[in-house]
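The structure appears below as structure tokens.
Atom set for the values below is all heavy atoms of this structure, side chains included, hydrogens, waters and symmetry mates excluded.
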Amino acid sequence: MKLKGKVAVVTGGARDLGRAVAIKLAAEGANVCINYFDNASDAQETLELIKKTGSKAIAVQGDMTKAAEVKHLFTECNQAFGEKVDVLVNVVGGIVGRKKITEQDEAWYDFLMDVNMRSVFLCTREAVPMMSEGGAIINFSSLAARDGGGNGASMYAAAKGAVMTFTRSMAKELGPQGIRCNAICPGTIATSFHDRFNTPENRERMKASYALRREGTAGEIADLVCFLACSESSYLTGTNIDINGGCFFS
């Protein structure tokens with residue numbers, strides 16, 4: 001129960017990586033506020049799974065690229081668990097689709113930057129005033145931020161690169177307050193993300209190139225997030241941690 005009495009906010013917490021993170025934090029004793037965009041049934045299923053841990057949880061619908069909806073999320077969290085936030089996990093993001101640079105327009109640029117970077121900015125800005133010494137912010141970047149991403153993922157990779165830099169900046173700014181900020185850079189994780197935006201053939205080719213010869217699991221990502229949220233990582237801030245099964249790149 002390393003997070004007993006703590007309050008955690010997990011954006012994109014209804015499924016896949018966000019669900020695994022929310023359940024893990026709850027299992028360590030945190031009360032959890034999950035955000036979801038549009039799938040209420042997924043969010044309800046996550047709540048039921050969290051309740052089995054003995055912790056409390058609420059789900060709040062909202063678009064994390066909209067400042068008013070971000071504020072609503074934190075207002076609901078405060079009403080449920082008190083006016084504090086101890087852990088913020090910015091999971092919201094995604095590749096959305098693949099387009100060559102000549103096929104991208106300004107609307108595509110805006111959308112990719114909004115969902116992957118603007119959401120992190122807005123949620124961090126809202127959470128920080130509610131945080132005190134010992135608070136932790138964990139952002140989701142990506143392997144794509146390291147290697148430029150796959151074909152047609154240039155803006156996704158660029159946005160995740162921005163998350164990495166923002167993480168370092170927040171670590172410097174918030175460190176004097178005792179608030180830590182780190183990011184994780186997952187490689188290929190077995191979730192619906194790769195079911196939608198990758199092919200079975202490419203996934204097999206990628207696995208063959210990894211040192212561990214397999215994809216990661218959502219549970220392994222959640223374990224790392226929990227470590228970054230707990231006091232065991234109290235001297236760790238400003239890092240962008242690769243978790244990719246030994247995917248080595250230039």
Side-chain angles (χ1 to χ4, degrees), residues 2-3 8 10-28 46 49 53 87 89-96 98 116 120 136-154 156-165 167-168 171 180-250:
K2 299 174 183 177
L3 295 172
V10 181
T11 69
R15 60 185 177 86
D16 288 339
L17 298 182
R19 171 181 285 181
V21 167
I23 293 170
K24 179 65 177 180
L25 297 180
E28 289 294 345
T46 302
L49 292 169
T53 70
V87 180
V89 189
N90 286 306
V91 182
V92 163
I95 194 171
V96 183
R98 297 184 184 274
N116 289 290
V120 173
I137 299 169
I138 300 100
N139 298 324
F140 271 54
S141 184
S142 171
L143 171 64
R146 301 285 199 191
D147 68 3
N151 292 334
S154 58
Y156 170 73
K160 289 301 189 181
V163 171
M164 290 174 63
T165 302
T167 297
R168 295 190 188 101
R180 298 177 298 109
C181 189
N182 294 287
I184 65 171
C185 303
T188 308
I189 311 300
T191 66
S192 62
F193 177 93
H194 285 285
D195 293 339
R196 291 179 61 194
F197 297 111
N198 213 332
T199 65
E201 296 77 16
N202 192 51
R203 290 172 75 169
E204 288 301 316
R205 180 188 62 79
M206 293 169 69
K207 284 191 289 185
S209 71
Y210 297 165
L212 294 182
R213 300 295 194 271
R214 66 173 178 86
E215 296 178 337
T217 68
E220 289 170 320
I221 298 297
D223 286 343
L224 176 56
V225 170
C226 187
F227 169 71
L228 293 172
C230 293
S231 60
E232 283 87 346
S233 60
S234 58
Y235 199 55
L236 193 61
T237 194
T239 63
N240 293 281
I241 301 175
D242 297 308
I243 177 168
N244 57 34
C247 172
F248 304 106
F249 45 85
S250 59

Is a side-chain donor or acceptor of Asn116 paired with a backbone partner of Gly94 at a separation under 3.5 angstrom? yes

Mind checking whether Thr46 and Arg15 have side chains closer than 4.5 Å, heavy atoms only? no

For a quick test of reading the model, state the closest non-hydrogen atom pair linking Gly148 to Ala157 and the distance between them. O-CB, 3.4 Å

State, with a plain yes or no, whether a side-chain heavy atom of Phe140 is found less than 4.5 Å away from one of Val89. yes

So, does Glu28 use its side chain to make a donor-acceptor pair with the main chain of Lys2 at under 3.5 Å? yes

Any side-chain heavy atom of Leu143 sitting closer than 4.5 Å to one from Pro186? no

One should read off an interatomic distance between Asp242 CG and Ile184 CD1, to the nearest 0.5 angstrom, of 10.5 Å

Apply the test side chain to side chain contact (heavy atoms under 4.5 Å, CB included) to residues Met164 and Thr167: give CA-CA distance (whole Å), side-chain angles for both, the deciding distance (0.1 Å), then the verdict. CA-CA 5 Å; Met164 290 174 63; Thr167 297; 5.7 Å; no

Can you confirm whether Cys185 sits close enough to Asn244 that some side-chain heavy atom of one is under 4.5 Å from a side-chain heavy atom of the other? no

Does any N or O in the side chain of Thr237 come within less than 3.5 Å of the main-chain N or O of Ala171, such that one atom is a donor and the other an acceptor? no

So how far is it from Ile221 CD1 to Leu17 CG, rounded to the nearest 0.5 Å? 6.0 Å

Ignoring hydrogens and angles, tell me if any N or O in the side chain of Arg180 forms a donor-acceptor pair with the backbone of Ile137 under 3.5 Å. no

Whether Lys207 and Glu215 form a salt bridge (side-chain N of Lys/Arg under 4.0 Å from carboxylate O of Asp/Glu) is what I want to check. no

Is a donor on one side and an acceptor on the other found under 3.5 Å between the side chain of Ser141 and the backbone of Ala183? no

Using modelled atom types and a 3.5 Å cut-off, is there a donor and acceptor pairing between side-chain atoms of Ser209 and backbone atoms of Met206? yes

So do the side chains of Ile241 and Leu224 get within less than 4.5 Å of each other, counting heavy atoms only? yes

Non-hydrogen atoms of Leu25 and Ala8 that approach each other most closely: CD1-CB, 3.8 Å

Do Ser233 side-chain atoms and Leu236 backbone N/O form a donor-acceptor pair below 3.5 Å? no

Might you point out which heavy atoms bring Arg203 and Ala190 nearest each other, and give the distance in Å? NH2-CA, 3.9 Å

Go through the steps for Val87 and Ile138 under the test side chain to side chain contact (heavy atoms under 4.5 Å, CB included), then give the verdict. CA-CA 8 Å; Val87 180; Ile138 300 100; 4.0 Å; yes

Nearest heavy-atom approach of Ala229 to Ala136 is CA-CB, 4.0 Å

Pairwise side-chain contact, Asn240 with Arg146, heavy-atom cut-off 4.5 Å (strictly under): yes

How far apart are the C-alpha atoms of Glu220 and Arg214, what are their side-chain angles, what is the distance that settles it, and do they pass the salt bridge (charged side-chain N to carboxylate O under 4.0 Å, His left out) test? CA-CA 13 Å; Glu220 289 170 320; Arg214 66 173 178 86; 2.7 Å; yes

SG/Cys181 to CG/Asn139 distance, rounded to the nearest 0.5 angstrom? 4.5 Å

Would you name the heavy atoms of Cys226 and Lys24 that are closest together and state the gap between them? CB-CG, 3.7 Å

What are the two closest heavy atoms between Val10 and Gly18, and how far apart are they? CG1-O, 3.8 Å

Between CG on residue Leu228 and OG on residue Ser234, distance to nearest 0.5 Å: 11.5 Å

